[in-house]
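Written out below as structure tokens is the structure these notes cover.
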Amino acid sequence: MPVQLLKIMKEQSETPLPSHLQKEDLKHLQEGSDHTNKYIQGIVVLSYPLTKLGDGTDFFKIVLQGVDDLCSRINSINILIYGKMAEDCAKVTRHGDTFIVAGFKVIKSPTAREDGRHGCHLEVSEEDGSAIYCLQFCNQIYTKPRTATASETAFVSIAPKYVYTPLNQLKDGTIVNLYGVVKFFKPPYVSKGTDFCSVVTLVDPSNVKLTCTLFNGNPDSLPKIYKVGDIVRFHRIKIREYNGQMQGITSGGFASLTFDGTVGAPVVPRTSSKVYTFMDEEHKTIEELRVWAASNISVSGPAAKLSSVQPMLFFDLTCQLVGKAKVDGSSFLLKVWDGTKCPYPTWRVPVEAKDLEGERVLLHQLRNLMVDILVYDNHVQLAKSLKIGSFLRIYSIHAKQASADNEDVSHIEFHLHGGTCYGRGIGVLPENNPDVKELKTFLESVDLADSQNMESMSSMELDGTFSDFTDLESHLQRCQQLPVTVLTDHQDLNNTELKTVINSTAPQQYRIRAKLRTYKPQKLHQSVKLHCSKCNSLQEVPDGDVFDFILQRSAMTAPNPELHNTSWYDSVMWTTQDQKQREIAIHFVKHDEMLRQPEDTLLMIEGGTLKEVWKLTKRFKCVIPVRSTEVDLELLDLSAPFLLQGNVKYYGCKQCSAPKPIKSLSFMAAEQQPSWDPTEIAQVLGIELLQYVFIMKFTLVDGTGALNAYLFDYEKFFQIPASEILTNSFLQEKMQMTMNMLCPPGRKLGDLPWLECFIKSYNVRDAMKHQVCYQIFDTTVAEDVV
DNA sequence: TTAGGATTGG
């Protein structure tokens, strides 16, 4: 029975209702006024038998009498309960119970004249998201005898007890309730039909994705999602199969709650203020999902401040609207700021002064910090409706690099293109949103006088002239500073300005002197990739779990005893004592028919776990995980490392490797002093060795222009081997410190150190477009920096 | 009904 005993209260008169609900007096009830977030309370004085309506719907009617205003003429009201809720209520209702009703519809009562009750009646049902709470004396509902005092009451909720379906158990044609973590979303936008639309992709710990298409005529009724990682609870969402996948779509009684997904943040639901049930159990679910999401969802979205805008990329901006203006039928201008200054010249969209809405004084004061964002097509209608001063998150703004005919230096244009790809759109953030609170505090702290200086500062750097002696002095000081990177070759070349580099055709090579405005990825471990020099492919370094899984799978094949103890290796085998009784075989490769010292020994292991393999690498020179076939030992799947040496896992390229029999290693073993060099082992085994490499994008500026240059570095630039960074926290710290020297966080452009770099330009062409890219080479971090 | 994730135009 979906009746839930929520709490037993002793010596306590107030009820644990959702805190947003407020009591409404019977005499204030009238048709057409807003009663969301209101409840009425009364004593059951009459109930009618449970009946079925013509369409089979259960129907139950009770009469509640108000307790506050006994003298009032209209002191009682009819409550009409429909559907499952009618059945549930009929089971527990007793005369004299106190009922609390929320989420009701107020309808003019056709029987008011006859029964002399309230002029309206209330209608409630599960579909409308209604809730009924019932207060009874304990001894009335406990069947088991117990000592109860009169002051002890049980609090019974006749709100349905919801069942939530994990995303991997959804079935076509059902209507379900579910929880999920937002992996992708499109903020509500105007659809081509009559409604607003929002598309939301969820994941949950079952690791199944569900994309939901949600419609509502009122955008406020759609989930209030502000960022990836938010958690939602959907009630009554319809599941359908579409293109072979499950899909969610709004059904009649759809309702949603949205929560901040940050671990530790207050659990406050965002909802369009309908009545909702939210109790301790739900609270726990949110906390659990937050913890799961923290390690399973990447929220490092492209959010950015104007100060860290990257030309040619897309980003999400949290900002305040300062001005807006009509441009033409298909585009609309938004003028926004976030308190930081975009380091590049930005465009100004010309509009008629009469079309510009916003505080004139503020528009003038903020002119150096404000940027123009031109929004198109389907975003225009929403943009027009925005209120000046409101806080916005604009998703997937395109920072387009462009230059006008009469300009030497390129500028940045901000476009919100038409369509909703990649969640492109505009969301209004409420004042209580934590990001808005932070932004407001920051905006209040911005010294506008300082921003005027910033303007003169950047224009000074742009045209390379110096207005007075102080500027000249500080400039000289900077020039005298040693650069934080140096060239390892080509010292005799002269510097080229970035403007010249950008305006020249590729391919060419240049010596440049520039500042590192920003770099990507900011999380340095994300910069490590595996590179195949044969097919030139790049791939992510596989996760340790993948290796674990492959080891587990290969441990299911028992070692083949016929392959043990050959002329070139000795084998040892044992069975683990645990329940699984795994068989492990280790083959120690001999040299001159003798075993060598462990630190010079290569061994092969069958049936080991990740932990066991790691332990062996601590003791022995090399470890190669293998499995038995009928005729020979063989390497595992190439998603696993084929060799472990020291702290480094060596991987082979799946595409370019052609594994040879393991016994090829015997030739290496026969060498006078086998080096067990990974490159050589790879070659002997027919493996195309993947190299660990740092891939980063540096945004370089020099006062004449800006460009993005890629760093592709095995070891030379940072003087840190890319192969060791992932397993060595000391090296990670060292690299972070180096980056902090090259690009000190929080500094103004003028205070950043200079880098000397050698870069080459090259062409990237495909059928559609042509782009010139830049790569840093023959450059290293200066000795005194590392 | 609409959209059904998957940028780059003005």
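Values below: all heavy atoms of this structure, side chains included; hydrogens, waters and symmetry mates excluded. Naming: A, B, ... by sequence-line order, numbering from 1 per chain.
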#### Entry: A:Tyr164/A:His235 aromatic ring centres below 6.0 Å
yes
Pick base, sugar-phosphate or nothing for [X], based on heavy-atom distances below 4.0 Å to the nucleic acid.
{"X": "A:Asp377", "answer": "base"}
{"X": "A:Thr201", "answer": "base"}
{"X": "A:Tyr395", "answer": "nothing"}
{"X": "A:Leu374", "answer": "nothing"}
{"X": "A:Gly418", "answer": "base"}

### Sidechain-backbone polar pair: A:Thr258 side chain, A:Pro223 backbone, donor-acceptor under 3.5 Å
no
### Query
Does A:Arg233 reach the main-chain N or O of A:Ser256 with its side chain, forming a donor-acceptor pair under 3.5 Å?
no
Go through [options] for me and flag the one nearest to the [X] side chain.
{"X": "A:Lys186", "options": "B:dG10, B:dG4, B:dA3", "result": "B:dG4"}
{"X": "A:His398", "options": "B:dG10, B:dT8, B:dG4", "result": "B:dT8"}
{"X": "A:Arg240", "options": "B:dT1, B:dT7, B:dA3", "result": "B:dA3"}

### Query
Side-chain donor-acceptor pair under 3.5 Å between A:His531 and A:Asn536, yes or no?
yes
Just how far, in rounded Å, is [atom2] of [N] from [atom1] of [X]?
{"X": "A:Leu210", "N": "B:dG5", "atom1": "CG", "atom2": "C1'", "answer": "13 Å"}
{"X": "A:Asp195", "N": "B:dT2", "atom1": "CG", "atom2": "P", "answer": "11 Å"}
{"X": "A:Phe196", "N": "B:dA3", "atom1": "CZ", "atom2": "P", "answer": "13 Å"}
{"X": "A:Leu416", "N": "B:dG10", "atom1": "CG", "atom2": "P", "answer": "15 Å"}
{"X": "A:Phe185", "N": "B:dA3", "atom1": "CZ", "atom2": "P", "answer": "19 Å"}
{"X": "A:Leu214", "N": "B:dT1", "atom1": "CG", "atom2": "P", "answer": "15 Å"}
{"X": "A:Phe332", "N": "B:dG10", "atom1": "CZ", "atom2": "C1'", "answer": "16 Å"}
{"X": "A:Ile397", "N": "B:dT8", "atom1": "CD1", "atom2": "C1'", "answer": "14 Å"}

Is there a stack between [X] and [N], judged by ring centres under 5.5 Å and planes under 30°?
{"X": "A:Tyr422", "N": "B:dG5", "value": "no"}
{"X": "A:Tyr242", "N": "B:dG4", "value": "yes"}
{"X": "A:Phe215", "N": "B:dT2", "value": "yes"}

### Query
Say you pick atom P in B:dG4 and the same atom in B:dT8; how far apart are they, in whole Å?
15 Å
### Query
Nearest nucleotide by nearest heavy atom, which residue falls closer to the 5' end of DNA chain B, A:Lys400 or A:Thr420?
A:Thr420
### Message
Pick the closest DNA chain B nucleotide for A:Gly193 and for A:Phe184 by heavy atoms, then say which residue is nearer the 5' end.
### Response
A:Gly193
### Message
Assess the residue pair A:Tyr162 and A:Arg236 against the criterion (side chain to side chain donor-acceptor pair (under 3.5 Å)); give the C-alpha distance rounded to whole Å, side-chain angles, the decisive distance to 0.1 Å, and a yes or no.
### Response
CA-CA 10 Å; A:Tyr162 290 96; A:Arg236 294 170 290 272; 3.3 Å; yes
### Task
Decide yes or no for A:Cys535 and A:Cys653: does some side-chain heavy atom of the first lie under 4.5 Å from some side-chain heavy atom of the second?
yes
